[in-house]
Number of protein chains: 2
Amino acid sequence: MVTIYDIAAKAGVSAMTVSRVINNTGKISDKTRSKVRRVMEDLNYVPNHMARSLVLQQSNLLFLLITDITNPFYTTLARGAEDAAKKHGYRLLFGNSDESVEKEKDYVDTILTTRVDGVLVAPAGDPSLPHLETLRKHRVPFVLLDREVPGMDSDVVLGDSKEGARKLVDHLTSLGHKRIALINGSPNVSSARLRLEGYKEALKLNDLQFDENYVLETAFEPRSDLSDIESWLNRMDPLPTAIVAGNNVLAVEVIRTLHNRGITVPEHMSLVCFDDLGPFSDIDPFLTVVAQQAYQFGYLGTQMLVERIQEREETGMPWKKIVLPADMIVRRSVSEID
Amino acid sequence: MVTIYDIAAKAGVSAMTVSRVINNTGKISDKTRSKVRRVMEDLNYVPNHMARSLVLQQSNLLFLLITDITNPFYTTLARGAEDAAKKHGYRLLFGNSDESVEKEKDYVDTILTTRVDGVLVAPAGDPSLPHLETLRKHRVPFVLLDREVPGMDSDVVLGDSKEGARKLVDHLTSLGHKRIALINGSPNVSSARLRLEGYKEALKLNDLQFDENYVLETAFEPRSDLSDIESWLNRMDPLPTAIVAGNNVLAVEVIRTLHNRGITVPEHMSLVCFDDLGPFSDIDPFLTVVAQQAYQFGYLGTQMLVERIQEREETGMPWKKIVLPADMIVRRSVSEID
DNA sequence: TAATTTAATGTTATCGGTAACATTTTATAA
DNA sequence: TTATAAAATGTTACCGATAACATTAAATTA
């Protein structure tokens with residue numbers, strides 16, 4: 001590997017002069033500068049970021065930890081984070097926890113040993129608290145995305161889950177639906193809790209009875225075992241006319257399960273959900289959703305993180321919370337009830 | 001930050017002894033070992049990976065560069081790479097080129113300065129050649145995924161694009177289709193070229209005439225402008241009864257465009273494509289596809305890369321090429337023609 | 001022209017680890 | 001008991017960069 005010492009030797013200057021040319025710091029005569037530049041080109045010099053980080057005590061690296069890399073909500077978010085990171089001169093590392101608190105722990109270790117300057121986390125759930133405490137203990141700035149964790153104050157970007165749930169339920173009732181079920185993520189995930197709350201409130205406002213048999217609390221992540229959805233469908237009697245899904249993946253699992261028993265959407269069952277389907281959203285006929293602004297989650301979160309990093313000493317800076325609106329996109333997965 | 005020197009001081013030993021305890025190297029008495037361990041815990045010691053990499057001249061970092069992070073083919077591939085990397089003791093960095101040769105260049109720079117031990121690349125296309133040459137020049141081992149680049153020999157994992165195209169066309173003809181169109185990625189992407197070839201060969205084998213008006217060569221990546229698809233539809237007269245799409249994203253764009261003119265799939269138009277839709281594959285009624293083994297692309301590619309890294313000196317090791325089969329999954333996007 | 005700034009460049013120490021070699025203890029053999 | 005091998009630990013140099021503090025050369029000023 002070519003180092004600044006190789007450059008220095010060949011250009012007949014000191015390593016420090018080379019460093020100055022590279023970083024455009026200090027005073028350098030034009031003659032020296034161009035000579036050093038020429039040698040760098042000749043030798044195909046590439047700066048060693050690790051050596052630089054070691055002495056500067058900063059890596060210009062951010063880490064994005066998401067819970068499901070196959071979910072377009074998170075990948076779109078990642079695109080936003082990537083763009084914002086680049087804009088601010090940071091590079092971005094990714095990790096994928098698969099909604100598993102254990103994998104999350106592994107990534108927290110990686111984060112610490114890698115000495116990243118800051119972290120964007122979509123926590124797996126409330127049990128992620130110890131991981132966040134670890135980050136805090138080691139003074140690694142972080143921003144939470146999409147989910148809060150009780151017991152941990154921090155910067156955070158959220159979607160308006162409660163309002164979103166209300167919009168979905170209102171849409172359904174406005175088309176005549178009265179038996180509306182909810183399939184949701186685990187109650188130890190804050191967004192799932194809020195969606196349940198919004199659902200309940202909307203029922204009440206529409207003078208509909210809440211029936212806990214109509215609610216299934218499962219996991220947001222995709223899995224092959226659909227038996228809990230099946231038994232849930234069995235236990236609802238009569239079947240609802242519409243289902244609200246807590247996210248896109250659950251919605252598709254519902255479609256699949258319904259299909260197995262010959263029930264189609266929207267003819268026999270109406271279905272709405274949270275989160276768009278990324279590049280596959282516009283398939284027709286397709287899901288009416290509350291689309292969260294995934295890209296903005298990543299972009300704004302990263303911006304907040306960079307601010308926090310740069311104001312590090314100013315410990316007094318209060319935590320910020322951004323709540324992004326949830327906009328409904330009406331497509332064709334809901335039919336009218338007379 | 002706590003360093004091995006802090007540990008050493010508090011434990012009353014030398015830094016080297018601490019290093020030995022951490023890495024389980026050399027001989028250490030049980031007494032010393034446990035004392036050092038205790039102090040490490042007390043002080044919440046976390047090793048600094050950058051310092052370690054600097055002296056070891058290896059980072060235990062791999063880089064995965066994909067062209068579209070919102071495409072489930074690549075994210076599933078990423079999951080495979082992640083798992084394989086972890087298994088071999090490497091961590092994984094991601095980058096997303098958006099099918100842009102320029103962004104790809106930026107990532108190549110990042111790759112070089114980050115001193116990763118190896119790279120997995122899905123190249124944007126044939127114009128990626130200079131980037132690969134840069135990697136080669138700097139002796140960074142890499143493995144190509146999904147696409148080859150003429151002029152650059154290397155390890156590579158491919159799907160059997162030609163065979164896949166044949167299967168799709170055969171499936172259509174077996175159901176009576178005679179006017180079969182193809183919408184494909186850019187001809188400067190190797191997989192697109194092979195898909196076109198397979199399409200042509202299959203037509204010939206089925207005694208169907210090749211008509212270049214029935215072929216649209218555009219870009220694999222998603223974009224908002226659908227005008228080229230529209231003009232393509234206009235120029236086909238008569239309209240085909242079936243369309244083969246070069247990947248999942250194109251297929252959905254076709255669905256969208258057709259929908260705008262009131263043409264539905266599969267009633268008025270049959271549609272098949274390459275690549276599954278990840279978590280959204282099982283929506284019903286949905287696409288008949290040739291599903292590439294995305295996870296295996298990542299997993300096997302990473303395995304090959306790690307081998308290559310570890311045999312670095314053995315320059316004689318010949319390049320390996322893995323071709324994964326393309327399996328057709330029949331769903332409901334094709335209707336029968338009498 | 002000598003004194004004083006300012007510009008240009010160089011030296012040394014350091015970031016946090018580890019390899020290679022050196023030294024001190026302890027255990028074993030003669 | 002002494003010589004010798006093996007075990008345990010320590011010292012020094014270095015990985016590739018930069019900060020902080022010299023030092024030297026050139027430009028101004030008195």
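First the proteins, then the strands, lettered A, B, ... as listed; each starts at 1. Scope of the values below: all heavy atoms of this structure, side chains included, with no hydrogens, waters or symmetry mates. In this text, all values refer to a predicted model and were calculated from it rather than measured experimentally.
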Chemist: Can you name the nearest heavy-atom pair linking B:R115 to B:L112, along with the distance?
Modeler: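 Closest heavy-atom pair between B:R115 and B:L112: NH1-O, 2.8 Å.
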Chemist: Determine the contact category for A:I4: base if any of its heavy atoms lies under 4.0 Å from a base atom, sugar-phosphate if only primed atoms, P, OP1 or OP2 are that close, otherwise nothing.
Modeler: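 A:I4: base contact, heavy atoms under 4.0 Å.
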Chemist: Please report, rounded to the nearest Å, how far the P atom of D:dC14 is from the CG atom of B:L56.
Modeler: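 Result: 17 Å.
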Chemist: Does the side chain of B:T32 get closer than 4.0 angstrom to OP1 or OP2 of D:dT9 through an N or O atom?
Modeler: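 For B:T32, the contact criterion (side-chain N or O under 4.0 Å from OP1 or OP2 of D:dT9) is met.
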Chemist: Are the charged groups of B:E99 and B:R147 less than 4.0 angstrom apart, N to O?
Modeler: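 Here B:E99 pairs with B:R147 in a salt bridge, since their nearest N and O are under 4.0 Å apart.
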Chemist: Once you round it to whole Å, what is the distance between P of D:dC15 and CG of A:L54?
Modeler: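 Rounded to the whole Å, the gap is 14 Å.
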Chemist: Among D:dA17, C:dT9, C:dG17, which nucleotide has an atom closest to any side-chain atom of A:I28?
Modeler: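 So the side chain of A:I28 is nearest to C:dT9.
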Chemist: Does the side chain of A:T17 get closer than 4.0 angstrom to OP1 or OP2 of C:dG10 through an N or O atom?
Modeler: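 Indeed, a polar side-chain atom of A:T17 lies that close.
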Chemist: Respond yes when some side-chain nitrogen or oxygen of A:S29 is under 4.0 Å from OP1 or OP2 of C:dT9, and no when none is.
Modeler: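 The answer is yes; a side-chain N or O of A:S29 sits under 4.0 Å from OP1 or OP2.
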Chemist: Whole angstrom is fine here: how far is it from CE in B:M16 over to P in D:dT9?
Modeler: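 In whole Å, D:dT9 P and B:M16 CE are 13 Å from each other.
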Chemist: Within the structure, does a side-chain N or O atom of B:K27 lie under 4.0 Å from either OP1 or OP2 of D:dA7?
Modeler: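 For D:dA7, OP1/OP2 do have a side-chain N/O of B:K27 under 4.0 Å.
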Chemist: Which residue lies toward the 5' end of DNA chain D, A:M1 or B:G26, if each is placed at its nearest nucleotide?
Modeler: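 Result of the comparison: B:G26.
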Chemist: To the nearest angstrom, how far is A:M40 atom CE from D:dG16 atom C1'?
Modeler: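 From A:M40 CE to D:dG16 C1': 15 Å.
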Chemist: Once you round it to whole Å, what is the distance between P of D:dG16 and CZ of B:R52?
Modeler: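 It works out to 17 Å between those atoms.
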Chemist: If you take atom types as modelled and just measure distance, does the side chain of B:Y5 reach the base of C:dG16 with a donor-acceptor pair under 3.5 Å?
Modeler: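 Answer no: no donor N or O sits under 3.5 Å from an acceptor.
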Chemist: If I take atom NZ in residue B:K31 and atom P in nucleotide D:dA8, what distance separates them, rounded to the nearest angstrom?
Modeler: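 Taking NZ of B:K31 and P of D:dA8, I get 11 Å after rounding.
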Chemist: Consider the side chain of A:R20, meaning its heavy atoms from C-beta on, and name the nucleotide among D:dT18, C:dG10, C:dG16 that approaches it most closely.
Modeler: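 For the A:R20 side chain, the nearest candidate turns out to be C:dG10.
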Chemist: Just how far, in rounded Å, is C1' of C:dT14 from CE of B:M50?
Modeler: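 Atom CE in B:M50 sits about 14 Å away from atom C1' in C:dT14.
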Chemist: Ignoring backbone atoms, establish whether B:N48 has a side-chain N or O less than 4.0 Å from OP1 or OP2 of C:dC15.
Modeler: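 B:N48 to C:dC15 OP1/OP2: no side-chain N or O under 4.0 Å.
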Chemist: Strictly under 6.0 Å, is that where the ring centroids of B:F297 and B:Y74 end up?
Modeler: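 For B:F297 and B:Y74, the ring centres are not under 6.0 Å apart.
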Chemist: Given side chain to side chain donor-acceptor pair (under 3.5 Å), test A:N96 with A:Y107 step by step and report yes or no.
Modeler: CA-CA 8 Å; A:N96 168 232; A:Y107 275 113; over 6 Å; no
Chemist: Any base atoms under 4.0 Å from B:S14, or only sugar-phosphate, or nothing? Heavy atoms, all strands.
Modeler: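 Base contact - B:S14 has a heavy atom under 4.0 Å of at least one base atom.
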Chemist: Salt bridge between A:E82 and A:R79, side-chain N to carboxylate O under 4.0 Å?
Modeler: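 Salt bridge flag = yes for A:R79 with A:E82.
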Chemist: Please report, rounded to the nearest Å, how far the P atom of C:dG16 is from the OH atom of B:Y45.
Modeler: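 In whole Å, C:dG16 P and B:Y45 OH are 10 Å from each other.
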Chemist: Is A:Q57 near enough to C:dT14 that one of its side-chain N or O atoms lies under 4.0 angstrom from OP1 or OP2?
Modeler: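 Negative; the distance criterion is not met.
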